[in-house]
2 protein chains.
Amino acid sequence: MVTRGQARPTLRDVAERAGVSVSTASLVFSGKGPVAEATGDRVRAAATALGFTGPNPLASSLRHGRSGAIGVLVEGRLRMAFRDPFAIAVLDGLSEVLETVPTGMLLIGQPAGSGESVVPQLAPLALDAVVFSLCGPGENPAVEHLAARGIPMFSTGVPGDRRITQVRIDERAAGIAIAEHVRSLGHRRVAHVAMPMLPSSTAGPVPDAEVRPGEANVPSVGRLLGFRDVFGANASAVQTGDGSSFEGGRIAGRSLLDVPEHERPTAIVTQSDVIAAGVIVAAEELGLRVPDDLSVTGFDGVDLPWLPHRITTMDQQGREKGRILGTLVRKRLDGTRPRSVTQPVQLRVGTTTAPPA
Amino acid sequence: MVTRGQARPTLRDVAERAGVSVSTASLVFSGKGPVAEATGDRVRAAATALGFTGPNPLASSLRHGRSGAIGVLVEGRLRMAFRDPFAIAVLDGLSEVLETVPTGMLLIGQPAGSGESVVPQLAPLALDAVVFSLCGPGENPAVEHLAARGIPMFSTGVPGDRRITQVRIDERAAGIAIAEHVRSLGHRRVAHVAMPMLPSSTAGPVPDAEVRPGEANVPSVGRLLGFRDVFGANASAVQTGDGSSFEGGRIAGRSLLDVPEHERPTAIVTQSDVIAAGVIVAAEELGLRVPDDLSVTGFDGVDLPWLPHRITTMDQQGREKGRILGTLVRKRLDGTRPRSVTQPVQLRVGTTTAPPA
DNA sequence: GCATGCTATCGAAACGTTTCGAGTCGAATC
DNA sequence: GATTCGACTCGAAACGTTTCGATAGCATGC
């Protein structure tokens, strides 16, 4: 009988004290096989006496081959990713479902631009699945690594690698729908503010070379293509340098609006509500009234309580999207192989669009 | 020689193919003991040939007794917690340090009010440490559980359980400092908007019974006590029902400001920048100008790019706080027992305070 | 020529569970 | 009284690593 100094008690210690075998003690805690009530009580009593709080999760995981954690890959600094309320809504819905499994979400940040470094970061982590929801477009070296490890991958809105199960929307159709709305109000001089086409894109006018029609599944590309389907390839389009951000929207808005009046667009279609908020503030800073002097549309359908407008937007129900994502993950862990799904989106007219003056 | 169907290759498979022992193969991947260059190459070649991506993290963790994950306990729905930019700043700083370890952050939500359910949720998770940074005040049943498991605990701004290592500030002194600033401008009719005193508190005037002088370490209590040290116990104070939130601030602001002018405060001291933003918007909705008709102060020092004011605030440098927290965690995992630290805070005067009209 | 030390490798024993097949024992059945 | 059955319990074999101590080979120093 070895005295085990400071160490935490193990199932073996408990079993010994209760006078049963280790396997029986295990049965008591897992609640599987049949155990006599008296035995169960004895084991539980021994556990309390020793301060045993339950089977060691690490050992249990090794045995099961499940870690109980799914990875959430976040592009760039957390601070940036979490500034996007849509991403948070997705995460929220996801957690809602995962809490019932139970599975935790392991946040994995990719410090800006350090493409390759994510693999060594990922390698020592035990993950049952990985979600790319907070990641932008483009090839991610993590995909190859995870595929090799056989870890199921999920995403919303990342382009269509066959190995990734997706919850997506028809980006281009959504882009067309909201552009049509603006056009139907009578606007003809309309500009577009996009999220970056590529991870490497910089803020400013969108270069034609970056808009590849084959990539219509990438949110930024698909939405721009939809916009151009309605307003033509010559309509001016700028992109932010930092995804869906308020500051990016404000800067883009200023560049589009701080021009002679006859050049100024009467409406701006943006790719996210947060960007739209930036554009609206930029407009108001220049003395323009929304929607009287300028109509602005967003995308996502998030809640921005501080903004004194309800943005006209395409609602893509982030929380619900996250919940669906969660369900897919759960199904996959249960052994089935769920297929990607396409979610509907809906135009929601707010107080930021009106016919041109 | 067993054929191992679909399963992932293990270190044993690699060793076998390379014609070395398992222990040698292990040495190659961990980079510890001395290995002949030729042997190393042979092992690596075998690994690539078999598609072996590195030692199984689960097994490795069991052996080491380290899971590579630290838990981040989040109170309530993720969506709510992540609305608080200060919390995110702390998380961001934390991740910055942890990425170098490498360790991931496992998000653990506590679905609203379900006090007890957190323990069964925690029990099956392998965690090297737990951080309470996103949790409000009050006794958390998780603390007992984690203490029993011997998992080190850390927090910012949760009251002083001796088992929890803290990065704190002197809440009361900070409360005094900012109240002094307002008083020195000449304000005499000043109200306070607090975060909830207790997890169970509801929105509205702060009941005296909830303000326990012994709990001055709880942010909401300490800051209110500091305020009262300057403006007296009779100065009106209301609390939000949902922590540090814009909506909570707006509602509280409206209740304090939508009264006859002679009753209206000339300044409002709040417990967070987000709350302050809500108060400012409420004031502007009532036609009051900030700071001409009303001075408003915040707390935290976060960046709210959408607000056309720079809030006068106590800067507590969330990101830096998170980094320090990360360093403490790392030290603890390295075997030392770091002590709690108290960080300085600094008054930062912005554009939301001025002498009364 | 023998002790000494160093390098490269190996076998075996953990780490703490879960699970499977087998075994015991008492009660019920014929 | 032998047989069958069920409820309960157990031992042993995984799960895939890492690490400790031992061993073998080989050069060095006296």
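The sequence lines fix the lettering, A, B, ..., with proteins before strands; numbering per chain opens at 1. Below, each value reflects all heavy atoms present in this structure, side chains not excepted, and no hydrogens, waters or symmetry copies.
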Candidates B:Asp161, B:Val131, B:Leu146 - the one meeting side chain to side chain contact (heavy atoms under 4.5 Å, CB included) with B:Met153 = B:Leu146
Look at all strands and tell whether B:Ser30 reaches a base, only sugar-phosphate, or nothing, counting heavy atoms closer than 4.0 Å.
-> nothing
Taking only the side-chain heavy atoms of A:Pro34 (C-beta and beyond), determine which of D:dC8, D:dT17, C:dT17 contains the nearest atom.
-> D:dC8
B:His64 NE2 to C:dA14 P: how many Å, rounded?
-> 17 Å
Closest listed nucleotide, where the reference is the side chain of A:Leu27 and the choices are C:dC10, C:dT17, D:dT9 | D:dT9
B:Arg66 CZ to C:dG16 P, straight-line distance once rounded to whole Å | 14 Å
To the nearest Å, how far apart are A:Leu62 CG and C:dA14 C1'?
-> 13 Å
Look at B:Ser23 and C:dC10 and indicate whether a side-chain polar atom (N or O) is within less than 4.0 Å of OP1 or OP2.
-> no
Respond yes when some side-chain nitrogen or oxygen of A:Thr39 is under 4.0 Å from OP1 or OP2 of D:dT9, and no when none is.
-> yes
Which nucleotide in D:dC10, C:dT17, C:dT9 has an atom nearest any side-chain atom of A:Pro55 = C:dT17
A:Lys32, nearest nucleotide to its side chain (from C:dT9, C:dT19, D:dT17) = C:dT19
A:Phe29 near the nucleic acid: base, sugar-phosphate alone, or nothing, with a heavy-atom cut-off under 4.0 Å?
-> nothing
Considering only NZ, NE, NH1 and NH2 on the basic side and carboxylate oxygens on the acidic side, decide whether A:Arg44 and A:Asp41 come within less than 4.0 Å.
-> yes
Spacing of B:Asp41 atom CG relative to C:dA8 atom P, expressed in whole Å | 13 Å
Nearest whole angstrom, please: distance from the P of D:dT17 to the CD of B:Glu16.
-> 13 Å
Atom-pair distance (CG on A:Leu50; P on C:dG16), nearest Å = 14 Å
Criterion side chain to side chain contact (heavy atoms under 4.5 Å, CB included) on A:Phe82 and B:Asp92, from CA distance to verdict = CA-CA 9 Å; A:Phe82 286 170; B:Asp92 189 49; over 6 Å; no
Show your reasoning for whether side chain to side chain contact (heavy atoms under 4.5 Å, CB included) applies to A:Leu94 and A:Phe154.
-> CA-CA 11 Å; A:Leu94 183 62; A:Phe154 300 83; over 6 Å; no
Worked verdict on B:Leu333 versus B:Arg66 for side chain to side chain contact (heavy atoms under 4.5 Å, CB included) = CA-CA 9 Å; B:Leu333 295 184; B:Arg66 285 283 168 77; 4.1 Å; yes
Take the protein atom CG of B:Leu58 and the nucleotide atom C1' of C:dG16, then report the distance between them rounded to whole Å.
-> 12 Å
Which residue lies more 5' along DNA chain C, comparing B:Ala59 with B:Ser21 via nearest heavy atoms = B:Ser21
Closest to side chain of B:Thr10, choosing from D:dT9, D:dT17, C:dG16 = D:dT17
Which residue, B:Val35 or B:Arg63, contacts DNA chain C at a nucleotide closer to its 5' end, judged by nearest heavy atom?
-> B:Val35
Between CG of B:Leu11 and C1' of D:dC15 the distance, given in whole Å, is 14 Å
Select one nucleotide: of C:dT18, D:dC10, D:dT19, the one nearest the side-chain heavy atoms of B:Ser26.
-> D:dT19
Could you state the interatomic distance from CG (A:Leu106) to CG (A:Leu122), rounded to the nearest 0.5 Å?
-> 9.0 Å
Please determine, for the side chain of A:Ser60, which listed nucleotide (D:dG16, D:dG11, C:dT18) has the closest atom?
-> C:dT18
